[in-house]
Amino acid sequence: MTQHFTAPDRLTGNTGTQWWRDAVIYQVYPRSFADGNGDGMGDLEGVRGRLPYLRDLGVDAVWLSPFYASPQADAGYDVADYRAIDPMFGTLLDADALIRDAHELGLRIIVDLVPNHSSDQHEWFKQALREGPGSPLRARYHFRPGKGADGELPPNDWESIFGGPAWTQAPDGEWYLHLFAPEQPDFNWDHPAVADEFRSILRFWLDMGVDGFRIDVAHGLVKAPGLPDIGGHDQLKLLGNDVMPFFDQEGVHAIYRSWRTILDEYDGERIAVAEAWTPTVERTAAYVRPDELHQAFNFQYLGAPWEAAALREVIDASLAAMRPVGAPATWVLSNHDVTRHATRFANPQGLGTQLRTPGDRELGLRRARAATLLMLALPGSAYVYQGEELGLPDVTDLPDEVRQDPSFFRAAGQDGFRDGCRVPIPWTVEGSSYGFGSGGSWLPQPDTWGGLSVEAQTGDADSTLELYRRAIAARRDHPGLGAGDDVQWLDAPEGVLAFAREGFVCTVNLTGSPVRLATPGRVVLASAQLTLGEGQFDLPADTTVWWTV
Ligand code: GLC
């Protein structure tokens, strides 16, 4: 396919606008967004049909989770062919049409790149298995003889993120490494063919016209030499302070430097964002040094509880970590791997990202709306996960027999609850799967979904959807709201966050009760009903208000 880029002016050329610094980026989870062909599974045609909705929501870019050819052992994060679309999502022509249409609407497209591992059905892995021990074709993955008298034990003590050992024995007796499911063998990034292949895959999608990449498991590509045992560590604490021999190794940075030179060769400011679970925001900052990637997800922010001190600390730490490297901070509350924030905040303390209890829904939604207004007032780039603009809760009562998340089927003690945030989203009040598609939905939607649909909320000034629309528009209208690298904290009672940006103030009440404050200016937007008095007002519990001053 030849290179094309038929975007309007806003998207073309190296204008140096650095659009990504303050962008609002909307995550589409293709299987659950919209179903164009009525088979119960979302697809690219479905996404394409809903692009005008995303334009009207006001987002700058759309990140699509993987749609590549895949046996779907991990919902597409197990890629069998990086240059092909899985038939369940459509064809390359559909991808081409989607990219073109998005550009015509002024939306950028970011695709997911999965370089840590492939599917076990990838041609290279099938070859590796066929060729047997000692074959150079095995060296593109991590194959090792086992330990024990007959090699019956895994080569080291690493465990899979999804539970169970990180090694599986091939029929010929050697073991291969998979940090995730056994169907996701890890590439050996010390092998030059792996690096060459991914540079070529990057170019393939850049030539297709995509505006950027979300790099899956960006911290995992390089493993410590010799694949040493980790000993007594609790490796599942990804946000702990220990550096693991399979995560956040120095060698990953050379890979991203080489990718940056490729991105920079293309016009239109193509970007990459790292999914890097590192122990600290300072370590995350290393991924976004000027010659590496553009952004990295802020999982410390995502993991923060609904508490003033904790939030202020993570906001300050994030801004401070990004400042020296000149990268924008990013903010995210929900994605396809964690319990939706409306449900996290509905539960005591809102701690933990994987929950199975619905909690107090009304409270959760109230806090979720307040949290969103806080996020959108911060300098940097914000990520919105499909359905959060509808205030969707996690579906916490999915029956076990409909679950598909591989971590659910692995050893006990793992999260396994990711299906709850992946239920197809409702578009209409009535109808098959509430407008998701004409043929039902691959995960059952709750009966209450119609009332939360786009149709039900559109035009209702109090709805969460209209709050998101107004907030994103106001963020764009208020020059500089997403720009800059700092906030100025204002004096406020304990449990209240108040900060200023140029000509703007944001106040958030996390005390759990109303707080009387001096009115700082004129209200732009509030996440809940407000009553203003003379020079002062009562900021209700779990409410955020934006002011112009
Ligand atoms: C990332 C993805 C997650 C996937 C894993 C393995 O964390 O976000 O969904 O299961 O990588 O690819």
Side-chain angles (χ1 to χ4, degrees), residues 25 27-33 42 63-80 82 86 110-122 125 141 158-164 166 168 177-187 189 198 201 213-221 223 235-239 244 246-248 252 272-278 284 287 293 295-299 302-303 330 332-340 353-354 383 385-386 394 403-411 414-423 443:
I25 302 179
Q27 180 187 359
V28 162
Y29 194 64
R31 32 167 72 215
S32 305
F33 187 66
W63 148 37
L64 294 127
S65 280
F67 44 63
Y68 313 107
S70 160
Q72 305 289 320
D74 184 21
Y77 282 96
D78 49 320
V79 180
Y82 290 85
D86 197 278
I110 293 173
V111 294
D112 219 306
L113 188 73
V114 189
N116 179 67
H117 45 266
S118 70
S119 159
D120 63 348
Q121 298 306 306
H122 189 285
F125 192 72
Y141 293 89
W158 298 0
E159 281 185 14
S160 149
I161 310 299
F162 290 159
T168 290
L177 175 69
H178 52 86
L179 291 183
F180 294 88
E183 297 87 352
Q184 294 168 295
D186 279 49
F187 281 117
W189 270 87
F198 273 91
I201 293 165
F213 300 90
R214 177 258 187 194
I215 315 297
D216 189 64
V217 197
H219 55 310
L221 277 47
K223 277 74 182 176
Q235 65 172 338
L236 291 169
K237 284 202 188 126
L238 298 187
L239 292 176
M244 295 294 170
F246 42 81
F247 279 158
D248 199 27
V252 296
V273 51
E275 186 216 20
W277 294 84
T278 66
T284 304
Y287 290 76
L293 306 177
Q295 294 182 346
F297 289 114
N298 189 342
F299 294 120
L302 185 149
T330 66
V332 61
L333 291 165
S334 283
N335 66 31
H336 66 294
D337 288 330
V338 300
T339 304
R340 288 181 175 279
T353 51
Q354 302 288 347
Y383 280 80
Y385 175 52
Q386 66 177 40
D394 236 55
R403 290 179 179 279
Q404 301 213 4
D405 181 356
S407 62
F408 182 73
F409 302 100
R410 306 269 304 168
Q414 304 305 306
D415 50 54
F417 308 141
R418 297 184 303 173
D419 289 316
C421 62
R422 299 175 176 180
V423 173
L443 279 176

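Heavy atoms only: backbone and side chains are in, while hydrogens, waters and symmetry mates are out. In listed order, ligands and their atoms are each counted from 1.
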Which heavy atom of the protein is the closest neighbour of [atom], given with residue, atom name and distance?
atom: atom 5 (C) of ligand 1; value: Phe180 CE2, 3.8 Å
atom: atom 7 (O) of ligand 1; value: Glu275 OE2, 2.7 Å
atom: atom 1 (C) of ligand 1; value: Asp216 OD1, 2.8 Å
atom: atom 8 (O) of ligand 1; value: Asp337 OD2, 2.5 Å
atom: atom 10 (O) of ligand 1; value: Asp74 OD2, 2.5 Å

Calculate, to the nearest 0.5 Å, the distance between atoms CH2 and CG belonging to Trp63 and Asn335 respectively.
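Between Trp63 CH2 and Asn335 CG, I get 5.5 Å after rounding to 0.5 Å.
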Can you tell me how far the CZ atom of Phe187 sits from the CG atom of Asn116, to the nearest 0.5 Å?
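Spacing of CZ (Phe187) from CG (Asn116) equals 9.0 Å.
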Contacting atoms of ligand 1, where contact means under 4.0 angstrom from a heavy atom of [X]:
X: His336; value: 2 (C), 3 (C), 8 (O), 9 (O)
X: Val217; value: 11 (O)
X: His117; value: 6 (C), 12 (O)
X: Arg418; value: 3 (C), 4 (C), 9 (O), 10 (O)
X: Arg422; value: 9 (O)

For Ala181, does its backbone N or O pair with a side-chain atom of Ser160 as donor and acceptor, under 3.5 Å?
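Answer holds: no.
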Salt bridge check: are Asp86 and Arg31 linked by an N-O gap of less than 4.0 Å?
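Looking at Arg31 together with Asp86, the answer is no, because their closest N to O distance does not fall below 4.0 Å.
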Sidechain N-carboxylate O distance under 4.0 Å for Arg418, Asp394:
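Looking at Arg418 and Asp394, the cut-off is not met.
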Within reach of ligand 1, part of Phe162 (heavy-atom separation under 4.0 Å)
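The side chain, only.
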Ligand 1 versus His178, non-hydrogen atoms closer than 4.0 Å: side chain, backbone, both, neither?
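Within the 4.0 Å criterion, His178 makes no contact with ligand 1.
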Distance only, no hydrogens: is a donor on one side chain within 3.5 Å (strictly under) of an acceptor on the other, for His178 and Thr168?
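Yes, Thr168 and His178 have a side-chain donor paired with an acceptor closer than 3.5 Å.
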Under the side-chain contact (heavy atoms from CB on, under 4.5 Å) criterion, do Ser65 and Asp112 qualify, and how do the steps go?
CA-CA 5 Å; Ser65 280; Asp112 219 306; 3.9 Å; yes
Smallest separation among heavy atoms of Pro185 and Asp120, with atom names:
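Distance-wise, the nearest heavy atoms are CD-N, 3.6 Å.
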